[in-house]
A.B. asks: 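The structure that follows is given in the form of structure tokens.
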Amino acid sequence: MAPSRVSSSIVSVHTGQDGNNRHPAFGQTVPESAQFKVEMSSNTTIRLLTVAVMPPTMALISDPKIAFAYLRPACVLLIREATFNNVETLNAQLKEVDDATLQQLQEYILFPLRFVLKVPGPKKDKLVQAVVEAMNHVLGNTCIQSWQILRELFSELFLCLCSPDNPGKPADTSEELKLAVLGGLDALLHAAYGDIVFKFFESKMLPELGAGISLLLTLAEKEKSRHVQRSGRLLGMLWLHSYPELQWRLPGSLQEMSDKATESQLGPSRFGPRLLASSWKMLSFSQASKDWVKNTSEKLCTLLKKIISSTAAHQHWRVRLELLELAEHLLDTCSQSLGKCVGLLLEALVGAINDEEPIVKKRCEVALKKASKKNQMPVNMENSKCTNSSQTFTDILSENLHSLATSLPRLMRTSDDQNKMFVLNVFLGYLKLLGPLVSVVLNSAVHLERISKALMQVLELDVADVRIVEERGHGGSLETSSGSHHSKHIRRKHFLHFTDEKIFFVLTEICRTFGYYGNVFLLTDLFLDLYRQSSAYRKQAAMVLNEIIRGAAGIAVVANGQRSEGKANVVPLSQEDLKAAVMLVMEEYFSSDHWHLVTVNEETHRDRQDRLLLRPPILLSISNAHADPLQFGTFACASSPTSTVHQLNSNIWQLCIQLEGVACFAQALGDNFRPLLMTSLYPVLEKAGEETLLISQAALDSMWDISKACGYFSLKELINENSDYLLNDISLNLQRLSQHPQAPRVLAVMLNHSDCTLLPLVRDIIQDVLMALDLSYDHTASLFCSVLHALMKALVRWFPMTSNTTKDSMRFKQTSTDKEVFDVRQFLLDYRRQKELAEGIGIEEDDIDELEIPPQAVFEEDDDASGPDVKAELPTHLSITKDVMERCIHLLSDSNLCLRLKVLDVLELCVSVLSEKEDELLPMTHRCWPALVQRLTADDPLAVLRAFRVLCTLSRTCGDFLRRRVSKEILPKLSSSLVHQAPISTKAGPVYTHTLAYKLQLAVLEGLGSLCQSLDLAEADLDVVCEACLPYLSCKQPIRLQQACLSVFHHLIQVDPDSFWLTLNELYCPSSFIPPHPDLQPMRLSGMGRPRDEYSDNVLTLLREEFGQSGDE
Amino acid sequence: MSRPTPSPIYTLRGASGPFNTLHFSCHGGDTPLLFSGSGKGAIHMWNLNTRRADRIIEGHSGSSVIWVSALPSTDTLISQGRDMRVCLWDLSKGSNELMDSLTTGSVGFCQCSLLETGQRTCLLAFGGQQTEELKIVELPSKTLVCSLVPDSKLGLVMCVKLWQPQSGRGPLLLAGYEDGSLLLWDITQRSILSQAKVHPDPVMCLTFDTEILRGISASSDNILSSWILDGQNNLQEAGYTLSWLPANRRSLNGFVFHGLEEGMKSYGNKHSKCSQNCNRMKNVVTGPKLCDSHQPRHFPDEY
């Protein structure tokens, strides 16, 4: 735009110095015009000319002479006849002329238009509008160099706006006309070339300008929003350079504006900020008396307040954007005259920092960056005034911060989430605006106190949820994460004072910003003090500390400008300092008072006793001296009456937060965290083994974060690489189990997440564990048992069974061939041969060899290969397993049921590991047999059930070895008890299912089937079992017993289908078997033709499911 | 009643053999180091910050390493093995290059003693090829300073201690022999200054505080004996005898007195702790050593 205007400004020979309204071309040189007339008198010639001049491509006319010739007729016509059509014709033609030419002909063209306006008498709106639009076009594309013309046009246009009767009031004209005139004025002011526009503001123009402004104001007050916007812009332009004499009108009119703004919604709200912006701009330029400025700014302040309060949290983002721009603009340009309003404006500016709308947010970031830079810059400048102003700016900011911090808790309690969000955003914005000056603000004790207390109150957690305590897992033991993939558990914190998650995020960002700009040592000291001071603040303080450290490392901080730049005034934080701060905090976190918290409500009586016994008398006195029993370790067990759900929940959350903290610290330090693993990994693993689900998950998450931060690929790597640190602590603490009852748990977690490369290192520790176990069977057994369990589970996982599948597969093959097509002929041949053999006919030695040796031979060969006498050293895992199994033998007869159950589990695992080497397993089996028999025959049903499982596992590996023992020592007892109990349970009522006898029956029945199958028992034994179980097929038995009994038969049928088919059919036979050939005798089964009885249902079920036999109706 | 033994700060694991000797190096560089020599011929350089072995030097072809020491001024490690060699290792630039080695010719297990005499020079005392022979060489030139053989038959040299007295005369040498005698040699004069029979059995190890001129020796009969050196350089028994556990007979090296009577007591404490660890780990513990920087830290050495 500008260059074209400059280039075209050579024109205008006519400066209009004569003050004559008449244009020279029209007035002075009559002969010339006559000459033209002669030339172009008829319409046809014009048209011809037009054709000649206008290129077909509609290119703009650029030759002034041609343009003149082209436009002249229309101009002349317009002067003669002021009609709408004529104006339109001219208007259309104007658009075919290019800007430069238009500039040359500017005055010539404007003349007829102005002439129309000046003709006295009423005119049609339409005509005036068309004229003004034509002028708009000219003004919009040219510039005005003559002050005279500018002034005249200005007053002429204003005349169109005001009513003819009263120049102070707008005319009663159409909306379109007003809009056009306003547009014209706008274009006019823009078209003013160079300095001439300033002539407007010379004192002699005052009346004219004043009238204009007041007219605009009235217009803006009365008319609809589009006018208002337009006039607002105009006003802004006018006022920009206006005079104090005029300004008296300002506050009043603005007052009215703002009323409008608050009344109506969108439009005025958007406009309001703009108008205000220009008003302020004007103020700052004004030279008026101080009183006036003060007065006005006060009034504007109230106005600003109104506008800000109504728009700050406005729903429409454009409104918020306008406000933001206003604030930025004012702060940027008028900071001197703003006075008290700076705070307000800052609030408005800063409040948009986390706006939902990205455009607003981005804009705000830019604005804040600018503001904070501007604010920090003068510190280095000589100019005292500037320094002063920046000083006050900082003062205002910190004052705002202080008062906000004071009111924060109240606001958090009372206002709604949206408002809370805004308040917090403002808080955050202040911090960002202050930038490095935050540390200066924090040096003030008053501020620090206020802010920290506010954070403590706002971040208060709601710990009433009962579920937190009740959720139990088996520690990390269940989760064995081998891969690098890990999905984080979501733990939503519930806060007392707000529900929106976003609010929490803003709060954390506030903390991070503190950490980023503030002095980390000061902050950590402060919050650590709070942390120590009272348990009420502990969780919040820990949360704040976590984020401060993260912030100090520059994690997740959106800072204004580059870090280096932003931190220019602050002592840069070295990694060493950060590490020191982290160590300080971690030490506090891991201190026994804050780490070993009670999280479990009910301890079994036994456990408590254990712990009491565990504790040496010296320790007892120490713990008694401790003030708060809940804060003391788990082994200080004075917990039960005082520990309410709230306290337990609170403890759980505290631990979770601290665990998150460790992860944060790892993130903050990255690779530099590795040396700290020496002290931090053990405590985290300790919590990963915790029973409370929330804690163990938090610990696991923390472990993942740590391994990521330290550059480990997986948890396994993290643990393996640092196993020396872990094992050092574990072995140390195993020596003092009474003070460190969690040591076995850590080992368990370690085993769970690691692999067999750990074995050589662990071996010593295992020896330690076993030795410690040997030394104190009575008290620590259950603790150790869980370690042994974890160990064995790990061993089973690390050394999956390979060799012992042979037996299984052999048997499997057997059964599977049974199910293949049944060859009757071969069967009969075999049968005959068997019968002959049984009768002693045709026995040959090699036949027997053939039949029986091969499977045995395989094993013997194996043994020979390893040499008869030289015993090779056992692989580590097998020797460990043997050692563990040894201990199990003793523990099997422990008086604590839970322990016995656990030991049985461990035993089962031992058996599966040891099954790799039969000649090690068999002696061990032999040794633990007596104890196992006791479990099977004379123990709690639960133990019986598990003992069965062990037995089954055993029988899978050493079936032959066990067969006789089972049939001799176990089956008789079990079957007789079953037979004995059967009539009782038949008659029993519903209460019976709660008795021990019932549970025992159930356990035995549930285990018996699989036992028979895996031991491959002989026929006689099977008969015994069958005999004992048959009564339980009765439908009078409790339903679960029936089901268990069915399972027994399912297994039995697997072993010997024929015989049990017969047995069942003899009980109840649903079908009649017709021989395929009349020569064959009809089949008679005792169950045939029997009426349905109590057994029929279950027998039918079995026959159907196992043999596909169903009744023939 | 004795106090319960404190727990160790950390246990350094992972060297696959018993340790024979330890040497702290806590000045100089920023990382405090501990050198250990194992029965399987490995020298571990433990970083006491990370508490892991930074380097492992296999220098004596599998024979037991019986002594290690570091020259702080030159970044050099000296090790002595049962392969009758003393090796000098260059530790600078992160490498562990064998700089030099000399053969002692001694089949015994007498540990060397080192005395820095100048910026780059030092004296090294060790048992020689013959039964009673003691040799002193200057390093790094390896020139033999003297060879000390007593007139009487005292048996093998079991332990030596070389030091520079404050009186300004030449370096002195204390040597314990197989028959239980303790000899004080003047190296410049090549003469015996004093002689005392402090034990009926071989002197297994000795330690001597050069400031208070008081020393302790231990023999294979499980007796500790304390003695002093008077102003005339005469060895006198101080009257203390103490029975001690036999597990570690060569373990008094580097023991530092912190007082007179207290010295004994603190020794007793430390020792019992050590032996307890020893029992627990079923390993031979070769002796406590205090960190050069006199920090209250203490690392029992196990594997």
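Residue numbers start from 1 in every chain, and the chains themselves are labelled A, B, ... in the order their sequence lines are given, proteins ahead of strands.
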A.B. asks: Once you round to the nearest 0.5 Å, how far does CG of L732(A) lie from CD1 of I9(B)?
C.D. replies: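 Between atom CG of L732(A) and atom CD1 of I9(B) there are 10.5 Å.
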
A.B. asks: Show the nearest heavy-atom pair for residues T11(B) and N728(A), with the distance to one decimal.
C.D. replies: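 In terms of heavy atoms, the two residues are closest at N-OD1, 2.7 Å.
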
A.B. asks: Taking atom NZ as the centre, does K40(B) end up with more than 12 heavy-atom neighbours from other residues, nucleotides or ligands that are less than 6.0 angstrom away?
C.D. replies: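 12 or below, so no.
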
A.B. asks: For atom CE of M84(B), decide whether the heavy atoms of other residues, nucleotides or ligands shown that lie under 6.0 angstrom number more than 12.
C.D. replies: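 Check passes, neighbour count above 12.
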
A.B. asks: Let's go through N49(B) and M678(A) carefully: what are the C-alpha distance in whole Å and the side-chain angles of both, what is the deciding distance for side chain to side chain contact (heavy atoms under 4.5 Å, CB included) to 0.1 Å, and is it a yes or a no?
C.D. replies: CA-CA 10 Å; N49(B) 284 342; M678(A) 210 185 301; over 6 Å; no

A.B. asks: Report, as yes or no, whether the 6.0 Å neighbourhood of atom CD on Q767(A) holds more than 12 heavy atoms from other residues, nucleotides or ligands.
C.D. replies: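 Result for CD/Q767(A): enclosed.
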
A.B. asks: Identify which part of N733(A) has an atom lying under 4.5 Å from any heavy atom of chain B, answering side chain, backbone, both or neither.
C.D. replies: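 Neither part.
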
A.B. asks: Please say whether more than 12 non-hydrogen atoms of neighbouring residues, nucleotides or ligands are located less than 6.0 Å from CD in E97(B).
C.D. replies: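 Result for CD/E97(B): open.
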
